[in-house]
Asks: 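Sharing a structure here in structure tokens format.
Since this is a predicted model, take the numbers as computed values, not measurements. Residue numbers begin at 1 in each chain, while the letters A, B, ... track the order of the sequences.
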Protein chains: 2
Amino acid sequence: MREEASESMQDYLKNIYLIIREKGGSVSTSELAKKMRVSPPTVTSMFVKLGERKLVKYEKYKGVKLSKKGEAIALEVLRHHRLIEAYLVEHLGYDWSEVHEEADVLEHHISEKMELRIANALGNPKFDPHGAPIPSADLSSIAKDETTRLGEHISGDIVVIERVREREKEELQYLAGIGMVPGKQAEVESVAPFGMVTITNENGTHSLPKEIAMSIHVKKI
Amino acid sequence: MREEASESMQDYLKNIYLIIREKGGSVSTSELAKKMRVSPPTVTSMFVKLGERKLVKYEKYKGVKLSKKGEAIALEVLRHHRLIEAYLVEHLGYDWSEVHEEADVLEHHISEKMELRIANALGNPKFDPHGAPIPSADLSSIAKDETTRLGEHISGDIVVIERVREREKEELQYLAGIGMVPGKQAEVESVAPFGMVTITNENGTHSLPKEIAMSIHVKKI
DNA sequence: TAACTTTATTAGCTCCGTCTAAATATATAT
DNA sequence: ATATATATTTAGACGGAGCTAATAAAGTTA
Ligand SMILES: [Mn+2]
Ligand SMILES: [Mn+2]
Ligand SMILES: [Mn+2]
Ligand SMILES: [Mn+2]
């Protein structure tokens with residue numbers, strides 16, 4: 001499967017998938033260039049290459065969408081990434097804030113056999129340590145998002161944290177420090193006009209900038 | 001450390017180290033080309049590149065030797081390789097015959113942090129599942145070889161197996177099947193003129209072609 | 001030593017993934 | 001609708017790691 005795409009192509013496909021999953025439609029050159037920290041011409045030439053290999057549908061000046069095959073590769077890499085993150089936390093004592101970089105490399109290099117053994121060692125989890133859904137082994141399904149963002153809630157809402165999106169290691173450490181991790185509860189105290197959210201949880205009262213509040217997925221209870 | 005050398009360079013350094021460790025002196029173009037399954041000109045150009053980076057001392061028409069720095073990188077990669085093999089066997093249920101390919105890739109991609117955690121999870125082993133010595137964490141030492149080859153022994157010698165060198169997966173499986181794995185004993189029954197060795201162990205009597213007998217390291221008891 | 005064989009290097013090409021600078025298409029604002 | 005700003009593509013380059021074909025050095029044998 002992913003052997004048909006180089007490590008670099010795998011990363012492009014994965015990031016295209018992630019962007020589309022979050023906001024639908026197609027992915028533009030500049031969007032992807034920014035996310036992947038490469039120049040726009042680099043993205044254009046990769047779009048062409050992925051298009052030739054039918055991993056992507058590319059329309060000049062209109063961006064790309066994933067083909068069935070491209071999506072399968074993206075899901076496989078994502079499955080690896082999230083299983084590895086979970087494994088590092090569960091079996092090698094990593095903190096959830098430090099698994100991302102390691103997984104971002106290893107996702108391209110473990111065999112199917114190793115994927116299987118890791119998944120078994122973990123009991124075939126459905127979510128990674130940040131609460132992100134892990135694609136199924138046959139890549140046919142991935143839990144769909146039924147959460148809202150903490151930043152969308154209003155004063156008085158009581159929520160349980162479902163997921164915290166990838167962010168800087170220091171931010172994740174801070175969030176863990178104040179108990180804002182998947183599974184925990186919090187009550188929204190107030191929302192400032194500029195979007196800052198103040199919450200109270202078992203660790204006390206804390207304010208979170210809008211951007212961070214938007215990267216915390218919750219369910220209202 | 002190894003960040004200074006690309007994945008490909010790391011593999012060249014590792015293989016140079018392995019050849020020199022086995023037979024001393026320096027490594028020739030054709031020797032390495034054969035071992036690494038690339039063409040001789042590819043090796044020559046890599047020799048030049050490694051020489052420029054002072055990872056190797058290259059003398060035209062006379063092959064290469066490792067510099068201090070080149071050796072350190074080789075040892076680091078080798079440490080990774082062997083720790084990973086051990087980890088796969090101990091913690092992910094791999095058979096010793098199937099760990100090599102996986103380790104050959106992952107050796108270049110695990111972080112120093114992961115190396116440390118794997119080593120700790122294993123109790124800082126000194127040998128990998130095949131009996132090969134694992135370089136120490138500071139790369140200052142590696143157990144020196146005090147073994148002989150099964151193929152060098154004579155009728156009547158009783159030996160304990162210390163190590164089985166990397167070979168085809170099927171050969172390793174066969175050897176495991178007849179109990180020729182590190183830690184087990186065997187008695188040399190006879191040695192044919194063309195080098196085939198017949199041994200008896202707890203599993204019965206078996207004959208091994210010279211090449212295989214030479215890849216089994218033992219100690220006479 | 002001369003001839004021949006083997007080994008190694010040089011020359012030149014390819015693909016990959018990246019870049020910058022220049023050109024062009026699309027979107028926005030007056 | 002025109003001018004301006006922004007996004008995208010094209011052109012051309014580079015370094016890394018590989019290849020084959022041609023050449024040259026080293027080693028071997030007569
Ligand atoms: Mn990646
Ligand atoms: Mn994650
Ligand atoms: Mn390798
Ligand atoms: Mn080994």
Side-chain angles (χ1 to χ4, degrees), chain A residues 2-16 19-20 23-66 70 73-74 77 104-105 107-109, chain B residues 2-16 19-20 23 25-66 69-70 73-74 77 104-105 107-109:
Chain A
R2 80 185 190 287
E3 294 72 28
E4 304 168 44
S6 68
E7 172 169 356
S8 185
M9 292 184 230
Q10 290 172 32
D11 267 333
Y12 281 89
L13 293 169
K14 181 184 76 168
N15 283 294
I16 291 166
I19 292 172
I20 288 178
K23 46 142 280 256
S26 58
V27 178
S28 74
T29 302
S30 52
E31 228 174 342
L32 195 54
K34 186 177 173 207
K35 182 160 205 207
M36 299 190 69
R37 299 152 166 285
V38 294
S39 69
T42 300
V43 172
T44 298
S45 68
M46 187 55 88
F47 279 179
V48 170
K49 195 178 316 181
L50 294 173
E52 286 165 356
R53 301 195 186 201
K54 308 276 192 219
L55 299 174
V56 119
K57 177 151 158 292
Y58 170 45
E59 286 187 277
K60 257 198 205 173
Y61 295 102
K62 305 178 70 175
V64 293
K65 289 182 186 344
L66 289 174
I73 293 173
V77 174
D104 237 355
V105 176
E107 63 189 359
H108 310 288
H109 301 292
Chain B
R2 79 185 191 288
E3 294 72 29
E4 303 167 46
S6 69
E7 172 169 357
S8 185
M9 292 184 235
Q10 290 173 31
D11 266 333
Y12 280 89
L13 294 170
K14 181 183 77 168
N15 282 295
I16 291 166
I19 292 173
I20 289 179
K23 46 145 278 264
S26 58
V27 178
S28 74
T29 302
S30 52
E31 228 174 343
L32 196 54
K34 186 176 174 209
K35 182 158 205 209
M36 300 190 68
R37 299 153 166 287
V38 294
S39 68
T42 300
V43 172
T44 298
S45 67
M46 187 55 89
F47 279 0
V48 170
K49 197 179 314 181
L50 293 173
E52 287 165 357
R53 301 196 186 200
K54 306 277 192 219
L55 299 174
V56 119
K57 178 151 157 294
Y58 171 44
E59 286 187 277
K60 259 199 203 173
Y61 295 101
K62 304 178 71 173
V64 293
K65 290 183 186 343
L66 290 174
K69 190 165 214 121
I73 294 173
V77 174
D104 237 358
V105 176
E107 63 189 1
H108 310 288
H109 301 292

Asks: dC16(C) P sits how many Å from Leu55(A) CG, rounded?
Replies: 13 Å

Asks: Would you mind reporting whether Val43(B) and Glu31(B) have side-chain heavy atoms less than 4.5 Å apart?
Replies: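 They are not in side-chain contact.
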
Asks: Do the side chain of Lys60(B) and the main chain of Gly63(B) share a donor and acceptor less than 3.5 angstrom apart?
Replies: no

Asks: Grab the CG-C1' distance between Leu50(B) and dT9(C) for me, whole Å please.
Replies: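 In whole Å, dT9(C) C1' and Leu50(B) CG are 16 Å from each other.
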
Asks: Determine whether more than 12 heavy atoms belonging to other residues, nucleotides or ligands lie under 6.0 Å from atom NZ of Lys57(A).
Replies: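 Counting neighbours around NZ of Lys57(A), 12 or fewer heavy atoms of other residues, nucleotides or ligands fall under 6.0 Å, so no.
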
Asks: Mind calculating the distance between CE (Met9(A)) and P (dT18(C)) to the nearest angstrom?
Replies: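 Going from Met9(A) (CE) to dT18(C) (P), I get 10 Å.
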
Asks: As a test of reading the structure: which of dC19(D), dA17(D), dT8(D) is closest to the side chain of Ser28(A), going by heavy atoms?
Replies: dT8(D)

Asks: By nearest atom, which of the nucleotides dG18(D), dC19(C), dT8(D) is closest to the Thr29(A) side chain?
Replies: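 My answer, after comparing the listed nucleotides, is dT8(D).
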
Asks: What is the distance from OH of Tyr58(B) to C1' of dT7(C), rounded to the nearest Å?
Replies: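 Rounding to the nearest Å, OH of Tyr58(B) and C1' of dT7(C) are 12 Å apart.
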
Asks: Grab the CD-P distance between Glu52(B) and dG15(D) for me, whole Å please.
Replies: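 To the nearest whole Å, that distance equals 12 Å.
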
Asks: Could you label the plane-to-plane angle of the Phe47(A) and Tyr58(A) rings as parallel, tilted or perpendicular, counting under 30° as parallel and over 60° as perpendicular?
Replies: tilted

Asks: In whole angstrom, give the distance that lies between atom CZ of Phe47(B) and atom C1' of dG16(D).
Replies: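 It works out to 17 Å between those atoms.
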
Asks: Select from Val43(B) and Ser39(A) the residue whose nearest nucleotide in DNA chain C is closer to the 5' end of that strand.
Replies: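 Per heavy-atom nearest nucleotide, the more 5' residue is Val43(B).
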
Asks: How many Å lie between NZ on Lys34(A) and C1' on dA7(D), as a whole number?
Replies: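 Those two atoms, NZ and C1', are 14 Å apart.
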
Asks: Could you check if a side-chain atom of Ile16(B) sits within less than 4.5 angstrom of a side-chain atom of Val56(B), using non-hydrogen atoms only?
Replies: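 Heavy-atom side-chain distance check passes, below 4.5 Å.
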
Asks: I want to verify a distance call: between dG18(D), dT18(C), dT10(C), whose nearest atom is closest to the Ser8(B) side chain?
Replies: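 For Ser8(B), the side-chain atoms sit closest to dG18(D).
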
Asks: Could you check which of dT8(D), dT9(C), dG16(D) has an atom nearest any side-chain atom of Lys49(B)?
Replies: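 From the listed options, dG16(D) comes nearest.
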
Asks: Could you list the protein-to-nucleotides 23-26 of chain D atom pairs, N/O on both sides, closer than 3.5 Å?
Replies:
{"residue": "dA25(D)", "atom": "O4'", "partner": "Tyr61(B)", "partner atom": "OH", "Å": "3.4"}

Asks: Of all the choices, dG18(D), dT10(D), dG16(D), which nucleotide is nearest to the side chain of Arg53(B) once you look at every atom?
Replies: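 Ranking dG18(D), dT10(D), dG16(D) by closest atom to the Arg53(B) side chain puts dG16(D) first.
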
Asks: Does Thr42(B) make a side-chain N or O approach to OP1 or OP2 of dG18(D) shorter than 4.0 Å?
Replies: no

Asks: Contact between Val64(A) and Tyr12(A) at the side-chain level, heavy atoms closer than 4.5 Å - yes or no?
Replies: no

Asks: Measure OH/Tyr12(B) against P/dG16(D) and give the value in whole Å, please.
Replies: 14 Å

Asks: Does dT18(C) have OP1 or OP2 sitting under 4.0 Å from an N or O in the side chain of Ser45(A)?
Replies: no

Asks: Ignoring the backbone of Met46(B), work out which of dG18(D), dA8(C), dT18(C) is nearest its side chain.
Replies: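 The answer is dG18(D).
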
Asks: Any idea which of dC19(C), dA17(D), dT8(D) is nearest the Ser30(A) side chain?
Replies: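 Nucleotide nearest to Ser30(A)'s side chain: dT8(D).
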
Asks: Are more than 12 heavy atoms from other residues, nucleotides or ligands located less than 6.0 Å from atom NZ of Lys35(A)?
Replies: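 Yes, NZ of Lys35(A) has more than 12 neighbouring heavy atoms, counting only those of other groups under 6.0 Å.
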
Asks: Which nucleotide wins on minimum distance to the side chain of Pro41(B), given the candidates dT10(C), dT9(D), dT20(C)?
Replies: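 Within the option list, the nearest is dT10(C).
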
Asks: With a 4.5 Å cut-off on side-chain heavy atoms, are Leu55(A) and Ile73(A) touching?
Replies: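 Yes - at least one pair of side-chain heavy atoms lies under 4.5 Å apart.
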
